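Hydrogens, waters and symmetry mates play no part in the numbers below; they use all other heavy atoms, side chains included. Predicted, not measured: the structure shown is a model, and the values here were computed from it. Within every chain, numbering begins at 1; the chains are lettered A, B, ... in the order of the sequence lines, protein sequences first and strands thereafter.
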2 protein chains.
Amino acid sequence: MTSRTPRKSRSTSGIAASANGPSASSISAVAALAGVSTATVSRVLNRSKPVNAETQQRVEAAVSQLGYRANPFARSLTSGESRLILVLTPDFLNPFFAEIVQGIESVTRRSGYSILLSQASDTAPLDTVYERLVDGVISLAHLRDPKALSGTDRKHNLPWVACSEFRPDDDIPYVSIDHRQGAIDAVQYLLNRGHRRIALLTAAEDYTWARQRRIGYEETLRRAGLTVDPALIRVARGTEYADGIEAVGGLLSLQDLPTAIFAVADTLAIGAIKALRRAGRRVPEDVAVVGFDNLHLAQVFEPSLTTIAQPMRELGQAAVELLLGQLAGEKPVSRMLPHTLVVRESG
Amino acid sequence: MTSRTPRKSRSTSGIAASANGPSASSISAVAALAGVSTATVSRVLNRSKPVNAETQQRVEAAVSQLGYRANPFARSLTSGESRLILVLTPDFLNPFFAEIVQGIESVTRRSGYSILLSQASDTAPLDTVYERLVDGVISLAHLRDPKALSGTDRKHNLPWVACSEFRPDDDIPYVSIDHRQGAIDAVQYLLNRGHRRIALLTAAEDYTWARQRRIGYEETLRRAGLTVDPALIRVARGTEYADGIEAVGGLLSLQDLPTAIFAVADTLAIGAIKALRRAGRRVPEDVAVVGFDNLHLAQVFEPSLTTIAQPMRELGQAAVELLLGQLAGEKPVSRMLPHTLVVRESG
DNA sequence: CTGAAAGCGCTTACAG
DNA sequence: CTGAAAGCGCTTACAG
C-alpha cells in the first residue's frame, strides 16, 4: 500500500484527500479536478460504459496530472475480483518450475492479471491469506486434497487448474504431458539401444507424475518380456541434485549393476551421473542415464543429457488460458501437450 | 477472491450474508452467531483491544463454526496495510535468486507477511498494480531509478530494501556482500596459483554487482603489477549458461589464450567451461575457471566449481528483517554479509 | 451520456 | 469491556 498514513479524521471528505500529504490521490480528487462525478471517472478507467469523448479526455487529463492509480483494495472489495492469480509450486529451486512460471507470466502480463507465487509443501502449508486474495489458482504442487487448501475452501469453489501434477480421476481441469507415455518412450529407447538391466530413479509417489512414470517404466519392461527388479527401483527424497546422488548410492553396492538408469527428472539424472562418476563409473560407457524435463542445463552439463523434453513454457501458457477461460465462464477442457525424446551424450 | 457472486441487492443486511449461497461468511455473520457486535469480533480477531474471556470464546467458536476468514480487501482498505511484500527479481531461472527467495520466505512466513514475487526487467516493466498492493519491496533487480517504479512512486515512499544489487551512494537501505572484495579474493587466489593472464567474464554493467566485481578484478591485477588487457574482458548478454558460452567464444580465437577465467556468476562459469571443452581445452589444466555465488550446482557440476560463496539464505533473511524493521518505524541500517572462497576442481 | 447514493466488509475513534 | 456508526475508496444499479 502506498498510503500508510492512518485515517485521522472522519470528517475528511472526498476532495480533501488530495491534500492528504504524500498519499495517493483518490478517485474523488480526480473527479473534482475533471469536474465530473466519481461514477464517470470509474467508467472511464474501466471502460465499463460509454462516456462522452470530451468528458473522457478531461478525466484522462486529470488522472495523469494527479498520477492517479486506483486503490486495488477498494476496487476488489466492490468489483468482486482481484485479477490476481496464485501459482503454487513445490520448489522454487527446481528450474523446471521456474520455466513453467515464465510461461505463465508471459500470458498473465498481457491479459491484465498478475501472479502471486507461493511455495506449497506439506510441512509449510499454504498461506491462507492468499485464498481470499486471488481469483484463481494454478497449481504445480501436490496437495492431499487440492480443493481444500484450508477447511472452508471446498465451499468457496476457487477456480483451479492443475499443471503437470494432476489426478486424471479428479474433476480439476489440467494441462500436462502424458507422463506414462514419456516414461515409455525413454525406457523403450534404452531397450532399443540394447539395455536389459535398466534402473529407475524416481521421486516420492505422492506425486502423480512420479507414479505415472514408474508405471510406464514397468509396463515397458514387461512388454519386452523383462521382469521388474525391485532392487533397481530407487526413490529419491526430493528432486534436488543431492537427492539424486543419495538415492543412487544404494545401486552402486549391487553385485549386478544396471547398465542404464532412467531418472524421472533431469536434476535427479545429474545427481545420478555425479554419484556414478564418484564411484569411478563412466557415463554412458558403463552406465547410460536418461533424464526427464530437458532443462536448459541438460545440454550444458557434461555429459549432456538424453532426456524427455517437456514443453514447459507452453504448459504454463496453456494453464493460464485454461484458468482465464474458467473465469470468463467457459467450461474448462483439459489438455495433453506433446513431449519429445532428445538424444544427447548421457545415454 | 473466494466469493465471486456479484452483489445483487442493496438491501442485503449483514446477517443475511451467511445465507449467501456458497460465499464466504462475513464478519457480521460471526457477530450475529456470537451475539456481539462486529467491533468485538474485530477486536478478538486482531487482538487489538482487551475482550472479556467468555465473550472471546463465543466469538472464536462462531469463527471456527463458520470457517470465517477476514476479507483481505476490506481489511486492508481500512487498516492501511496489506502485510504483503513485493519481491522483485531479474530472473526466475537463475538459481541464485531462487535461493535468496527461499531465505525471504522463511522469515515472512513466521512474521505474518506474505510475498508477492515478480520478475522485473527493463523490457517488461513492473506491474503497477503491485505497487499499491504491498507494504514494502525487496528488490534483487536493477532499476534505473528504483524509487520510481512508475511516475508517482517517489511521492508515495514505498518502503524499500535492496538485496545484493544496490547503490552505495543511494539512500535505499541494502543487504549485500562486498562484491569488490569478493572479486579481489577470487583474482588474488588465481594470482597465488601462478596465473598471470586472467580473463574476466562479466555481465552488463548496469548491474552494480557486475561493475564492483570488475573493479575488484582490475584493482587486483594492477596491484600485482599487471596491466588490464581489454581483450580479456568479456561481457555476457545475461547470466544464463548460454550467455556464458557465447561470451567466451571470442576469447577462444585469441592467439594468446588466458590461463584463467574469473566469471562473475556460477552460471556464466559453467557456460565458460562448456565453451572451453567444446574447443578442446581442459579445465583446469589448460584454463582455470573461478565462479561466483556457490549455487548447489557448483559442487555437482564436473569439474566442480571453485567459487566465491554468497550466504544466499542469510541475504534473503536479512533483507526481510531490514524491511520489517522499517515498517515498524525503525531507522534502517544497511548490512554487509561475509563471503568465502570455496576451492574445488575448476581452478 | 451522467450523477447521487448505496453498498462492498472491514476497523476504529467515540461514548458509554 | 462493549456497541453504534462513520469511514476507507471504489463500483454499479437506478433514475434521469
N/O (side chain, T40(B)) to phosphate O (OP1/OP2, dT2(D)) under 4.0 Å: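 No, no such contact exists.
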Presence of T78(B) side-chain N/O under 4.0 Å of dC8(D) phosphate oxygens OP1/OP2: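 False: T78(B) side-chain N/O out of range (4.0 Å or more) of dC8(D) OP1/OP2.
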What integer distance in Å separates [X]:[atom1] from [N]:[atom2]?
{"X": "N71(A)", "N": "dG9(D)", "atom1": "CG", "atom2": "P", "answer": "7 Å"}
{"X": "I27(B)", "N": "dT12(C)", "atom1": "CD1", "atom2": "C1'", "answer": "12 Å"}
{"X": "F73(A)", "N": "dC10(C)", "atom1": "CZ", "atom2": "P", "answer": "14 Å"}
{"X": "R75(B)", "N": "dG9(D)", "atom1": "CZ", "atom2": "P", "answer": "19 Å"}

Intra- and inter-strand pairs of DNA chain D in dot-bracket (Watson-Crick or G-U wobble, both distances under 3.5 Å; | for another strand): |||.||||||||.|||
What residues form a salt bridge (charged side-chain N to carboxylate O under 4.0 Å, His left out) with [X], not counting sequence neighbours?
{"X": "R313(B)", "value": "none"}
{"X": "R83(B)", "value": "E81(B)"}
{"X": "R58(B)", "value": "E54(B)"}

Closest to the L77(B) side chain, choosing from dG9(D), dG3(C), dC10(C):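 Between dG9(D), dG3(C), dC10(C), the one nearest the side chain of L77(B) would be dG9(D).
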Candidates dA4(C), dG9(D), dG9(C) - which lies nearest the side chain of S26(B):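 Of dA4(C), dG9(D), dG9(C), dG9(C) is nearest to the side chain of S26(B).
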Under the side chain to side chain contact (heavy atoms under 4.5 Å, CB included) test, residues paired with [X] that sit two or more places apart:
{"X": "S64(A)", "answer": "none"}
{"X": "S164(B)", "answer": "F96(B), H179(B), Q310(B)"}
{"X": "L33(B)", "answer": "A62(B), Q65(B), L66(B)"}
{"X": "Q57(B)", "answer": "none"}

Side chain E105(B), main chain I115(B), donor-acceptor under 3.5 Å: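 Side chain of E105(B) to backbone of I115(B): no pair is present.
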Separation of the C1' atoms in dG16(D) and dT12(D), to the nearest angstrom: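 Between the two C1' atoms, the distance is 16 Å.
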Contacts of N46(A) that satisfy side-chain hydrogen bond (donor to acceptor under 3.5 Å, both in side chains) - sequence neighbours left out: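 N46(A) satisfies side-chain hydrogen bond (donor to acceptor under 3.5 Å, both in side chains) with S42(A), R75(A) only.
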Between T89(B) and Q119(B): side-chain donor-acceptor atoms closer than 3.5 Å: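 The answer is no; no qualifying pair exists.
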Sub-4.0 Å heavy-atom contacts from residues 43-52 of chain B onto DNA chain D, ordered by number: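 Under 4.0 Å from DNA chain D: R43(B), P50(B), V51(B), N52(B).
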Residues which pass ring pair (Phe, Tyr, Trp, His ring centres under 6.0 Å) with Y207(A), listed by chain and number, not counting sequence neighbours: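 Applying ring pair (Phe, Tyr, Trp, His ring centres under 6.0 Å) to Y207(A) gives H142(A), W209(A).
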Residue whose nearest DNA chain D nucleotide is more 5′ - A39(A) or T38(B):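 Nearest nucleotide further toward 5': that of T38(B).
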Those residues of residues 54-64 of chain A lying under 4.0 Å from DNA chain C by at least one heavy atom: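 Correct list: T55(A).
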